[in-house]
Structure formats: structure tokens, C-alpha cells
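Each remark here refers to the structure printed beneath this line.
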Amino acid sequence: MQLADKYSPEQIEQKWYDFWIAENLFHSEPDAREPYTIVIPPPNVTGMLHMGHMLNNTLQDVLVRRARMQGKNACWVPGTDHASIATEAKVVKKLAEQGIKKSDLTREEFLKHAWDWTNEHGGIILKQLRKLGASCDWERTAFTMDEIRSKSVIRVFCDLYNKGLIYRGLRMVNWDPKAQTALSNEEVIYREEKSKLYYLKYYVDEAAGSTDGEEEGAVVLNATDAFDPTVKHQILHRDAEGRRYAVVATTRPETIMGDTAMCINPKDPKNTWLKGKSVIVPLVNRVVPIIEDRYVEIEFGTGCLKVTPAHDVNDYMLGKTHNLETIDIFNADATISEAGGMYVGMDRMDVRKQIVKDLAEANLLEKVEDYDNKVGYSERNADTAVEPRLCMQWFLRMQHFADIALPPVMNDEIKFHPAKYKTTYNNWLTNIQDWCISRQLWWGHRIPAYFLPTAEGAEEKFVVAESREEALALAKAIPGYEGITAEELRHDEDALDTWFSSWLWPLSLFNGILDPDNKEINYYYSTDDLVTGPDIIFFWIARMIMAGYEWRGAKPFKNVYFTGIVRDKLGRKMSKQLGNSPDPLDLIAKYGADGMRVAMLMSTSAGNDVMFDEALCEQGRNFGNKIWNAYRLINMWEVDTTLEQPEAAKEAITWFDEVMRERIARINHDMEQYRISEAFTELYRLFWDDFSGWYLEMVKPAYQCPADSKTIERTKHYFDQLLRLLHPFMPFITEEIWQDLKPEEGVKSIVVAQQPQVDREADTTILARFALVEELITAIRNVRKQKNIAQKEALTLNYIADENYPAEFSAVIAKMGNIKAIEAVVEKDATAAAFIVKTTQYFVPMEGKIDKEAELKKLGDDLTYYEGFLASVMKKLSNERFISSAPEKVVANERAKQADAEAKIAAIKAQMEALK
RNA sequence: GGGAGCAUAGCUCAGCUGGUUCAGAGCAUCUGCCUUACAAGCAGAGGGUCAGGGGUUCGAAUCCCUUUGCUCCCACCA
């Protein structure tokens, strides 16, 4: 075949991907082989491929392809996630653009829109993955909201409810007033913000001018006095009429309608006079008690805290401890509710502005300070501040799950790569909180709870069942509800948290929830490797481990490989706003999928971020080109079967056999340790430097000369092996060449070819001897360069024989150095360019081209270095404690270094002698 | 506030159980080559006080302490 001199990925990638699909090479069915399974971290169904996906899926594909080539039954299951909040937000936004409000639609109408959207945009991301070469078993493509996965979720919910692990409770949740949904703590992003701290006056509920509770020496501040919060004695305030008041600092004056107490620290000397009293909430005029709790920071503000149990998480805890009333003053959209009594219907932010004015007017505002505050925002609606809100929610008790999920990670039954994330995992699981699993969304799995009609104000009654029919049966069994009809059951409106389906992924993909003893789950589960980011350890990884043990009694995966975040070369996170995120498909078009994959592989080690630079793609493309051209070279060799195998080729093969043994072992070792980047780098250098740079040059026949069949055969064998090693990393180019090389009858694709095996350990003596050859060749090249001698001008090489002269490679030395004669000599040649490799002295006759002074200087420098080196070795060896405590091997090694250095020094001195 | 991690060449990073000439690789830079596989290439070269300080050890980039700088996670002082 005639090959172009540049490799063009675009022409071949689609062809081979289509071929792999047509030949069904990625499809897996249970059989007698050992399974190797990966489940994909499901991308959002309507998402687009970004650089993070490239990294993550490149790594998974490397693992899967390699396993497949190791004779395992490899199965990589793809799928997508319904991503309830993100997808619903997108649909709401799209509808809004068409002038449709979600609140105007019925649930069914909205879901129709959502499904239309999903069907239209869904799965694009999976198609994009094919461009990368991902060898997923597409026949198994799943969706978290398809039938099996949906039923699994509902079944699991009912199971947990029946086990008593699910409960319903009023909880302070992070409320997104725009999406009108509860968010988990993990979905709230805190941002530093410039805001104000408002100091409000809370008058004491008593007769004017009272001194009740004041100590001797109390500092009385008037409204105009400066206030120092660090004062260690009592402080109280009086207005012009002599009425006493306390000052409360707050960032949220609009919540005072919900105040049901004021709290002080019992140890706060400033505020002891307030103990046991009541105060009047400004403007609202409600009398609330002063409670004492050590939660209050004495140093903050005035040491007085207003307590609003309905609208602050900490206040809620205080309210529970001190049995306070809870007044919820907000509607779901964060406007003031009837219960607020004032500003009803106004938005919280508008109320803040207004109430500050009103407070000032009523002379109830002491002062306003600038304040740096952290405000929680919704991960999905970046401009929407989260409102703490009390809601009836569904919760999953987590202690049980923490107990079953912690040990297997800590004792390495499930291995984390890198292991440092075990600590993170441990921290979370040992301080676990119950999981709020309900979301006020429509797009998702609807909670299978059905409420029974109850009298106004009575406690709610509900049943949990997989279907309305079953729910009805359960309801009828409740005394007083015998005659209930299906229509009277009110299905819970809320959907489940997306992660409540994701945590089942390794189980539900093989239908292990609905049909726990089926052939597939029994075969593929536990899966082998999970590749994902450390940011979802809690959301996903921990919970999959919990689910795996809960429903199957076995780990969901054996290894977790953590990827880092893909950043730009300046170290910034890639984001749409910054516009620093290249489109991966553009990069693939420009550099080829293999080039793209190499870029990802070159720059990542487990758990570390990737500083992405387009130059890496270029490097990847260049490597593809290098492979291509190496193949072009051997492809154009003519065979002459009558030809004897040249000596140089024999020697090269002797050496390269050992190189392959050593490198393959190293690559295998790296891969076993999940050092994927290192394994690839190893391979890169093996191909580029050792194979192309040295081996091919050593066996290459002269221009337009034929080659002998033994050498060609062996070279093609190496090439085949290298392609197999490279295939998991660079699937397309390796297939293209492999198909042309056709090294193995009956194997239709390199995809299913076997990885090379190592028959024995490499002979390190041969490798060490050849290292001397490389050094010698380099030295000869340096002589040429220094003396300006062209490569094609043949030279003579003389040497003084000793045990470090690699005589067994003399043909290679002659060929690589373009040496016409190699001769052992006894006399030094003062007119020759001289150098030393290890201890062997070499001379290249130069006939007067020698600069004696320069040579002497160079030798002198070398002498100084080696004498210093010898001195440091001798220092060690003369240290008795070193001799007695260091292992024998190390001491022996120092002795060897001593001998080498002495020989080297002798050689240098001899050469200097010869020059003079 | 709690926890974890990082700091090695201009850049991105290896350096695994402390010990081989251990101070490395790739990229970038510089020099010389358009040598018939490859200029997307070849042959060479320069470049680091292993963040600072202290300790343990016969021996430290590696282990311990400490200072400095950076990153991430968790918590969320109104």
C-alpha cells in the first residue's frame, strides 16, 4: 500500500468506528470469560460534551480497551442522567422564552415539554462520545428515567420506607425561591458579598426608667454614644425618655416579623441585665422572651441575637431547644405571607429596603455598618439567594448507610486512587446527616406516596406504594378509610433528588433491583473501575457504595480512579463565562481523536488537575504522525529472501527483545497501579526513542536496498506488539495500521487482539551494555559536530580494550557511527579526538584537527569532577558507621563506584598524558 | 473555625520502601542539519540551593517539626 507522508486522522476515524460498530466489537454478553465492567458516570441527558468529559471518558476507554485485550469480557455501559434540577431549569427557561410560565401548565403538560426537550437534545452527548472513540456497549444505553431505572427507584423508595428508614419531617431546607425547590447543602454555593449590618433597637418590656437587673457601675449608653462590643462589663442603652433597650445586629432586618425570641450568651457580662426579661420586636411590637444559649458569640455585634426560627438554620435549632414559636413569614416565592402581618406580598429584597426606611423613621434603627457577608446562592439559579425555609420533606436516615459504607473503603476493599480521598470520605461518613430526598420539581421520579383525605388541621396520613392500586389497597386497610376511592388519594407532587436514582446506577443498569437474581447482574456486578471526579464523592460515590451493600451485599466497584478538574494553561477552571473552554469536537477535528486523547493522557495523574494547553493536542497529533511514518518506513522495505541477516540487525534484535520485555513489564506495573499517565509516557518514549530513534535506524537497510526476511519479520513483530500496547490509548491510528499489517490470522480487529505477554524478566546486562553503546554513539556524534564532519564521511574508531568495551555490539556501533573500521589499539593517539565511555578510551583519528589546549581543558574538568566524586565515595566508605549500618548491597555499590571512579580517573590521566 | 493537600528546570509534572552517577521526563529555549520514513522531523546544548529554617539518620527531594506561599473540601458568626 502506498501511504501518504502525513497521517490524516479525519479520513480514517469515522471509517474504523463504523467498522467496530458493524462488527459489534463493543457488545458484551455474559459468558465463561472473566468480566470487566465499567459503568459510565452518566452525563446530563441534555448536556454537551466538555473537556471534563474528554478526560474522564478517555481514561475509561483506555481501561476498557486494555481489559478487552487482556481477554476479559469487557463491558462499558453508557447512559444519561435526567438531572432533574438542571433539566427542569432549562425547560422552564425555554418555555419562558416562548412566553409560557410553568405555573400555567399542568404537571402533565409540563412533562410533555420536558420529554420533548429530552428527546430532541437527549443523547447528543453520547453521539459525541463516539467521536472520541469510546468503546461503549451502545446496545445497553440506559437513562435514569427509562422504565427499568424508574421502577427501580420507586421499588427502592418503598423498600426503604417499609424498612423504616424513610421519614417525613419539617426541616429547615435551603429553598430556591425561583425554582421553588429545596436544595441540598451541596447545591448551595456561598459567595462573599458586601452587605450591611443593621443595628436594631429592641425595647425592654417594662415601665420607663426602671433599673431592675442593672448592676453597680453599669455603663449606660445614650443613643449618640459610640459602642464598643469588646467591653467586659454591663452595657445598656437608654433613649431620651429614659426607656431601656437592647441593640441587635442583623443582616436581615426583613425577617423581624418572624422573631420569637432574643438570645444572649449566659456568660456575656455586657448583657446580664437582660436576663429573664422580655423585649419588644421593633415595628412589629410583639413581646418576645430573652433566652440564654452559649451558641451566641459574645464578641459579635452587641452579643444580642434575634431569633427567627422559621428563617435561619441556627435559629431553628435554638427554637427547638428552647421551645419557641415558629412564624413562617414567607411564601414559596419569598414574598411576605399573611403570617408576616406586614408588607404582605412584597418581595424579600424590597422589604429589606422598605423596612430599613420604616425603622429609621420610627427611630428604631441605631446605625448601619458595612459588612462582608457570605450569602448562599442556588447552584442552578446563580442570581438567586437561598432562603432557609421550613418545609415538609422526605428524609432518608443515613446512619445505617454510613455504617455499612465506611469500612470497605477504609480497609481498601474498595480502593481509591489516589488514596488521599479516603480521608475526605471518612470525614463525611462519620458526621453524616440525614438525606433530604424530596425536591419540589416535576421532572424526576415522583415520590410514590399517596395522601389520604384528612380534616383541616389534622395530622397528615399517607401510604407508600409502587402504584395507585396498591396504595388504595393499603389505604383501605386503615380504620375509617375502608370506603376510600382511588381518586381520593392525592399523589405526592414532589420528585426525588436526582442522586436518588444515580446511587442505584451500577445495580439498576443490570436490572439488579427489580430482578436481583438475573444472569447479567450476577455476572457483571461488582463492576471493576469507576472513573469520576472527587467533587461527587458524597453525592454519588459514597451513596453507590451504600446502595450496593444494601441491596446486593457487595461493593458496586473495586476501584475508584479520581480525575482532576480540567483547567486552562493559566490554571483557571474552564467555564462558559470565561470563554476559555475549547469545544472538544473542534479539537478532535483539528488534531484527531487520538491526538486529543494523548493530550488528556499526557497531562493527568490521578487526582490532579489538568492544565490543558492546545500544544498538548499538537504533541499528540505529532506522535500519531511519528507512528505513521515508522510504519511507512517498514512498509516500503523490499524483501530479498536470499539476503543474509546483517550483523547489525542481529545485534539490534538481541537488544530490542530485552527492551520490550523491560518496558512491557513497566507499563503493566504502572497500569496495575492506575498510573495511567506514566504508563502512556513510558510507551511514548519506547516508541519514539527506543524503537524509532534507535532500533529502526540500526536495522534500516541502505536507501533503495532490500532487507532480509528475518529482520523484516522481527521488526513487524515489534510493530505489532507496539500497536497492541498503544491501542487502548490511541485506538484509531493503531487500527488503521494494524489492518494493513495484518499480523494475526483470524482476528478481525486490534480491538479484540491480545495484549503482548512477557515470557521472562528482561536481561539487564544486555540493557546495561547497550547503554554504553548509546553513550559511545553520542560521543562520536559530538566529535562530528565539534569537528564539523558530515555524517556521510566515514570515520575510524580506535579503542583501548577493557571489559567496558561493548564488543558484542560492534556492528551496530559501526553502522550508527558510520565507522569504516574499529580497531583495538594499545598506544594512545595524540592526534586523535579522544573520549572516554565509562572506563574505555576511544580515539577518532583526526590528522591535526585537534585543539590540544581545548582537549586538555576538557579532560582537566572531567578529572576535577571525578576526583571530587571519588572523594565523596571515599568519605562514605571510610565512615565506619556507614559500613556497619548500611545494607551490604549499598556498601558493595559504593565500592563499585570507587573502582569505577578510580579506573575512570586513570583513563583520563592517561589521555592527558598522551596529549602532552 | 475544622480537615486535607501542594511547593522539584522557563512551563506542566515524575521521582513508589530514605541508598545505583539522583537531581529526571515532556514541552519550551538555543545551536547545527530541508541526511529519501517522519521539519508534525533529526543530531546536540544550556537550564534546578528539590519554597525557607531546624531535626532524625551512616545517608534526606523522600521521614518529623516549624515558617512562608498557594489550592481544595467541610462548617456557616447573626
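Labels below follow one simple rule: chain letters A, B, ... track the order of the sequence lines, proteins then strands, and each chain is numbered from 1. Not measured: the values here are computed from a predicted model.
- For B:A28 and B:A75, the P atoms lie 44 Å apart once the distance is rounded to whole Å.
- Summarising the base pairing, B:U62 is matched to no nucleotide, lacking a Watson-Crick or G-U wobble pair whose two defining distances lie under 3.5 Å.
- Within the nucleic acid shown, A:Lys6 comes within 4.0 Å of at least one base atom, counting heavy atoms only.
- Nucleotide B:C76 holds its P atom 15 Å from the OH atom of A:Tyr371, rounded to whole Å.
- Looking at heavy-atom distances under 4.0 Å, A:Ala615 makes no contact with the nucleic acid at all.
- At the heavy-atom level, A:Trp637 lies nowhere under 4.0 Å from the strands shown.
- Using Watson-Crick or G-U wobble geometry with both donor-acceptor distances under 3.5 Å, B:G26 finds its partner in B:C11.
- Residue A:Val248 is classed as having no contact, given no heavy-atom separation below 4.0 Å to the nucleic acid.
- Distance noted for atom C1' between B:G32 and B:A39: 14 Å (whole Å).
- A side-chain donor from one of A:Thr308 and A:Asp259 sits under 3.5 Å from a side-chain acceptor of the other.
- For B:A37, one of the phosphate oxygens OP1 or OP2 lies less than 4.0 angstrom from a side-chain nitrogen or oxygen of A:Lys700.
- Interface remark: the A:Lys889 side chain does not form any donor-acceptor pair with the B:U20 base, using a distance-only criterion of under 3.5 Å.
- Closest to the A:Ala886 side chain, of the nucleotides B:G41, B:C27, B:G19, is B:G19.
- A:Arg784 comes within contact range of no nucleotide atom at all, as no heavy-atom separation falls under 4.0 Å.
- Contact annotation for A:Pro534: no contact, since no heavy-atom pair falls under 4.0 Å across all strands.
- When the nearest nucleotides of RNA chain B are assigned to A:Asp670 and A:Arg621 by heavy-atom distance, the more 5′-ward of the two goes with A:Asp670.
- In this structure, A:Ser885 reaches the bases: a heavy-atom distance under 4.0 Å links it to at least one base atom across the strands shown.
- Between A:Asn635 and the phosphate of B:A37, there is no side-chain N or O to OP1/OP2 separation shorter than 4.0 Å.
- A:Tyr591 comes within 4.0 angstrom of no nucleic acid atom, judged by non-hydrogen atoms across all strands.
- Side chains of A:Asn265 and A:Tyr295: a donor-acceptor N/O pair is absent below 3.5 angstrom, by distance only.
- Phosphate proximity of B:G15 to A:Arg675: present, with a side-chain N or O under 4.0 Å from OP1 or OP2.
- Using a 4.0 Å heavy-atom cutoff across all strands shown, A:Ser677 reaches no nucleic acid atom at all.
- Under the Watson-Crick or G-U wobble criterion, with both distances below 3.5 Å, B:U31 is paired with B:A43.
- Under the 3.5 Å distance criterion, with hydrogens and angles disregarded, no donor-acceptor pair is assigned to the side chains of A:Tyr199 and A:Thr250.
- Each of A:Tyr7 and A:Gln673 lies near RNA chain B, and the nucleotide nearest A:Gln673 is the one positioned closer to the 5' end.
- Side-chain contact annotation: A:Asp268 with A:Asn271, donor-acceptor N/O pair under 3.5 Å present.
- In this structure, B:U17 makes no Watson-Crick or G-U wobble pair, since no nucleotide meets both defining distances under 3.5 angstrom.
- Residue A:Arg881 places at least one side-chain N or O under 4.0 Å from the OP1 or OP2 atom of B:C58.
- Judged purely by distance below 3.5 Å, without hydrogens or angles, the side chains of A:Asn629 and A:Arg632 pair a donor atom with an acceptor atom.
- Side-chain polar atoms of A:Glu369 and A:Tyr198 form no donor-acceptor pair below 3.5 angstrom.
- If you check every strand for non-hydrogen atoms under 4.0 Å, A:Lys420 touches sugar and phosphate atoms only.
- For the pair A:Trp688 and B:C42, the criterion of a side-chain N or O lying under 4.0 Å from OP1 or OP2 is met.
- The same atom, C1', is picked in B:A61 and in B:G19; the two are 13 Å apart, to the nearest Å.
- Nucleotides B:U31 and B:G54 have their C1' atoms positioned 45 Å apart, rounded to a whole Å.
- Comparing the P positions of B:U71 and B:C33 gives a spacing of 47 Å, expressed to the nearest Å.
- Taking a pair to require two hydrogen-bonding distances under 3.5 Å in either a Watson-Crick or a G-U wobble arrangement, B:A4 pairs with B:U71.
- In this structure, of B:C72, B:A43, B:C74, it is B:C74 that holds the atom nearest to the side chain of A:Phe538.
- For the C1' atom pair drawn from B:G53 and B:G47, the interatomic distance equals 27 Å after rounding to whole Å.
- The base of B:A37 lies close enough to the side chain of A:Glu697 for a donor and an acceptor atom to sit less than 3.5 Å apart.
- Between A:Tyr421 and A:Ile537 the shortest side-chain heavy-atom distance falls below 4.5 Å.
- Base engagement by A:Phe869 is indicated by at least one non-hydrogen atom pair under 4.0 Å involving a base atom.
- A:Tyr591 is not listed as a side-chain neighbour of A:Gln619, based on a closest heavy-atom distance of 4.5 Å or more.
- Scanning atom types as modelled, no donor and acceptor separated by under 3.5 angstrom connect the side chain of A:Lys876 and the base of B:C58.
- Between A:Gln898 and A:Glu902, the side chains place a donor N or O and an acceptor N or O closer than 3.5 Å (distance only, hydrogens not considered).
- In terms of phosphate contacts, A:Lys422 brings no side-chain nitrogen or oxygen within less than 4.0 Å of OP1 or OP2 of B:G3.
- Between A:Arg781 and B:G44 there is a side-chain N or O to OP1 or OP2 distance below 4.0 Å.
- OP1 or OP2 of B:A37 has not a single side-chain nitrogen or oxygen of A:Ser692 nearer than 4.0 Å.
- Dashed line: the shortest gap from a side-chain N or O of A:Tyr703 to OP1 or OP2 of B:A37 is not under 4.0 Å.
- Taking atom P in both B:U29 and B:A40, the straight-line distance is 13 Å, to the nearest Å.
- Across the P atoms, B:G41 and B:C16 are found 31 Å apart, a figure rounded to whole Å.
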